[in-house]
Amino acid sequence: MISLPLDRIKTPSFVVDKALLRKNLAILDQVRQRTGVKILLAQKAFSMYAVYPMLAEILDGTCASSPDEARLGREEFGKEVTAFAAAYSAGDLAELLQTCDRVIFNSFSQWERFREMTSAAENVKFGLRCNPEHSEGTVEIYDPCAPKSRLGIRVCDFKGKSTEGISGLHVHNLCEQNADAFARTLTAFEEKFGFLIPQMQWINFGGGHHITRPDYDIDLLCNTLNGFRQRWGTPEIFLEPGEAIALNTGFLVASVLDIVHNGVDIAILDTSAEAHMPDVLEMPYRPFIIHSGEAGEKAHTYRLAGHSCLAGDVIGEYSFDQKLEVGDKLVFTDMAHYSMVKTNTFNGLRLPSIALFDSATGEYQMLRNFTYEDFKSRLS
Ligand SMILES: Cc1ncc(COP(=O)(O)O)c(C=O)c1O
């Protein structure tokens, strides 16, 4: 178990462990070495740019969902920058053409509308996102192939369209999935889009590959990617995972502010599901807390809740060996990805600080404390 320097951590704080990140990078590098694929960081999941130089030692670049993410990738990470969004405004596209190596379009109507701009951008490569109409996800909001999805072009919509100027394709339909889901997706993709693959210089197989999870089948991923390359000879293949890069590398440390009673013991924390870990409510899921059990499993059970006004700002029910006291610190695990990037200042709640820790050396570094100015500067 990682031992964070809790006495030095001001709460609430996100703390990312560099040693754990290095562990993930070593796994991802293995995939790169065995397959020759390029791996991009999906910044939507993890934009902690303080560690970009470390990630850039192994990874091949970043992918962005907006001009601001693209600029962050260009300025702080370097290497390749790829952008994809469901639609671009002319202004956004003009910015992306200045910062990106590749820009992926989500529809023929956008690709055709901006043809003059893209033709003039000689150093940028262009791709189209395909919808393989093959669902692997069970949760509709995380399934880009769900019926009526706006994401990706279906094969029927390629009929009569020119792909002149297009050098790559993009497919993304996974979310926290193992390599078997990717292998099935690839079969569907090849069946539908095989007629286009030979003319492509690059294919980007998106994110959602949970590569650094302990039970992930890396052999199957590598065999699947190598098989694809042998069948089609596509020169460049990309993966753009977000979650797999930062999986299990970060913590959110919070303190107990008060304990109240209403049928159950309720501990109110100086963090909030609504403002600091919105996926807990949105996905929804129950984050793990170090030294805790399920409700009733250990001697003392509490409902843990945030300090916002939202009645539903509840993290879940947890049990502990000891009674909780005001001032006790709790450590939520796996809080690096889709957390810092999703926080908000609802209720004017102060954003959690951001810190770096290295469990290999014990080094602890506070990177960022947020202030009133951060709250005010988002409003007018
Ligand atoms: C197009 C695209 N690429 C990559 C990702 C990153 O996915 P993950 O963080 O699950 O690996 C997403 C996530 O939504 C995505 O939509």
Side-chain angles (χ1 to χ4, degrees), residues 16 21 24-25 27-28 31-32 37-48 55 59-66 69-70 72-73 77 80-88 96 100-107 110 126-132 134-146 149-153 168-179 181-182 185-186 189 202-213 216 218 221 225 237-250 277-279 282-283 285 334-342:
V16 168
L21 265 180
N24 284 355
L25 287 173
I27 296 170
L28 296 164
V31 173
R32 291 175 66 256
V37 301
K38 292 185 174 175
I39 300 185
L40 308 176
L41 162 71
Q43 295 179 93
K44 70 187 76 184
F46 185 64
S47 298
M48 187 177 174
L55 302 183
L59 304 179
D60 300 281
T62 55
C63 73
S65 310
S66 60
E69 273 191 0
L72 190 70
F77 198 109
E80 293 241 359
V81 183
T82 288
F84 165 79
Y88 303 113
L96 290 170
C100 294
D101 300 284
R102 286 161 219 267
V103 174
I104 298 166
F105 284 84
N106 187 50
S107 70
Q110 279 240 313
F126 296 100
L128 294 174
R129 178 165 174 172
C130 303
N131 177 348
H134 171 85
S135 288
E136 287 287 345
T138 46
V139 182
E140 193 166 320
I141 65 161
Y142 296 112
D143 179 9
C145 295
S149 168
R150 73 193 184 294
L151 298 168
I153 307 169
L169 298 177
H170 174 46
V171 192
H172 168 82
N173 76 326
L174 304 179
C175 179
E176 299 187 341
Q177 263 134 343
N178 212 317
F182 175 54
T185 298
L186 201 59
F189 169 67
W202 54 277
I203 299 197
N204 176 325
F205 288 121
H209 312 271
H210 233 192
I211 304 170
T212 49
R213 192 170 85 193
Y216 190 87
I218 290 177
L221 175 69
L225 288 166
I237 298 177
F238 293 86
L239 299 179
E240 50 175 40
E243 189 156 330
I245 289 161
L247 190 66
N248 288 317
T249 64
M277 36 185 151
D279 269 1
E282 198 178 292
M283 260 189 125
Y285 81 105
D334 202 17
M335 281 289 165
H337 56 83
Y338 294 113
S339 52
M340 275 176 264
V341 291
K342 282 193 150 192

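Counting starts at 1 for both ligands and their atoms, following the listed order.
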Aromatic plane relationship, Phe105 with Phe126 - under 30° parallel, 30 to 60° tilted, over 60° perpendicular: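 Ring orientation, 0 to 90° scale: tilted.
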Parallel, tilted or perpendicular, as decided by the 30° and 60° cut-offs, for the rings of Phe182 and Phe205: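 Judged by the thresholds at 30° and 60°, the geometry between Phe205 and Phe182 is perpendicular.
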Answer yes or no: is there a side-chain heavy-atom contact under 4.5 Å between [X] and [Y]?
X: Pro241; Y: Ile39; value: yes
X: Val341; Y: Lys44; value: no
X: Val16; Y: Met340; value: yes
X: Val139; Y: Met283; value: no

Closest protein heavy atom (residue, atom, distance) for [atom]:
atom: atom 3 (N) of ligand 1; result: Glu240 OE2, 2.6 Å
atom: atom 15 (C) of ligand 1; result: Lys44 NZ, 2.9 Å
atom: atom 5 (C) of ligand 1; result: His172 CE1, 3.7 Å

Return yes if some donor-acceptor pair links the side-chain N/O of [X] with the main-chain N/O of [Y] below 3.5 Å, else return no.
X: Asn106; Y: Leu151; result: no
X: Thr212; Y: Ala244; result: yes
X: Arg213; Y: Leu247; result: no

Glu176 and ligand 1 - part of the residue with a heavy-atom distance under 4.0 Å: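 Neither; no heavy atom under 4.0 Å.
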Part of Glu243 with heavy atoms under 4.0 Å of ligand 1, whether side chain, backbone, both or neither: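 Looking at Glu243 and ligand 1, atoms from backbone and side chain both fall under 4.0 Å.
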Report, in ascending order of atom number, the atoms of ligand 1 lying under 4.0 Å from any heavy atom of [X].
X: Tyr338; answer: 6 (C), 7 (O), 8 (P), 9 (O), 10 (O), 13 (C)
X: Arg129; answer: 1 (C)
X: Gly242; answer: 6 (C), 8 (P), 9 (O), 11 (O)
X: His170; answer: 1 (C)

State if [X] counts as touching ligand 1 under the rule of any non-hydrogen atom under 4.0 Å.
X: His210; value: no
X: His337; value: no
X: Tyr142; value: no
X: Gly208; value: yes

